[in-house]
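Both backbone and side-chain heavy atoms feed into the values below; hydrogens, waters and symmetry mates do not.
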Amino acid sequence: MPQQESLANRELPKDAPTSCANLLQEWAAIARARDAAEADIAAHRASNQALGYFAGVLFPPLVLGIDNDDEAKQRLEELQVRRDELIQAGRELRCPQLP
């Protein structure tokens, strides 16, 4: 696993918020998007578990029907990276209300 850069050593992206109000607005949007991606993953969990069980016990080709939710997981990763950038921006802007 590659070593991740610490927040303190990252350079802020050019599209970083310029005020605490903008930062909090984007933070809320990220929270909503994260909740939606997690709901997508959760919605498939039961059927994926059932398919995995039946594929392992009865009919291995069923494993092809499992939805790994790769797009939702990739979106969660992107949102986490942006959230980390917002944390760093909030520190630099000295936003007191950063969650």
Side-chain angles (χ1 to χ4, degrees):
M1 172 182 252
Q3 187 175 6
Q4 291 187 343
E5 226 180 323
S6 74
L7 282 177
N9 295 332
R10 288 189 192 171
E11 203 171 298
L12 283 178
K14 292 179 180 164
D15 65 342
T18 56
S19 73
C20 292
N22 290 345
L23 187 144
L24 290 173
Q25 191 174 33
E26 186 173 350
W27 187 277
I30 286 175
R32 288 189 301 273
R34 188 186 65 228
D35 290 346
E38 288 175 349
D40 286 346
I41 293 168
H44 296 126
R45 188 170 292 129
S47 63
N48 286 344
Q49 288 174 339
L51 281 173
Y53 172 78
F54 288 115
V57 174
L58 300 173
F59 191 63
L62 282 176
V63 79
L64 299 174
I66 294 175
D67 182 358
N68 288 325
D69 296 304
D70 291 332
E71 289 177 18
K73 290 176 183 176
Q74 179 61 38
R75 181 70 181 137
L76 281 173
E77 178 66 28
E78 293 165 0
L79 290 168
Q80 183 61 46
V81 168
R82 184 59 179 175
R83 187 175 176 271
D84 290 345
E85 293 169 353
L86 292 179
I87 290 170
Q88 183 183 2
R91 287 180 182 153
E92 291 191 18
L93 292 169
R94 292 181 171 81
C95 296
Q97 65 276 64
L98 187 65

Quiz item: If you look at every heavy atom in P17 and A89, which pair is closest and at what distance?
Solution: CD-CB, 4.3 Å
Quiz item: In Å, rounded to the nearest 0.5 Å, how long is the span from CG of D40 to CZ of R75?
Solution: 11.5 Å
Practice problem: Determine the minimum heavy-atom distance between T18 and L93, stating which atoms define it. | Solution: O-CD2, 3.8 Å
Exercise. Please determine, by modelled atom types, if D84 and Q88 share a side-chain donor-acceptor pair under 3.5 angstrom.
Key: no
Quiz prompt | Distance, nearest 0.5 Å, that separates CZ of R32 from CZ of R34 | solution = 11.5 Å
Quiz prompt | Where G90 and L23 come nearest, the two heavy atoms and their spacing | solution = N-CD1, 3.3 Å
Exercise. State, yes or no, whether a side-chain contact exists between D15 and R82 at a heavy-atom distance under 4.5 Å.
Key: yes
Quiz item: How many angstroms lie between atom CG of D35 and atom CG of L76, to the nearest 0.5 angstrom?
Solution: 9.5 Å
Self-check item: Step-by-step side-chain contact (heavy atoms from CB on, under 4.5 Å) determination, R91 to I87
Solution: CA-CA 6 Å; R91 287 180 182 153; I87 290 170; 3.8 Å; yes
Quiz prompt | Gap between atom CD of E77 and atom CD of Q80 - 0.5 Å precision | solution = 7.5 Å
Exercise. Check the surroundings of atom CD in Q25: do more than 12 heavy atoms from other residues, nucleotides or ligands lie under 6.0 Å from it?
Key: no
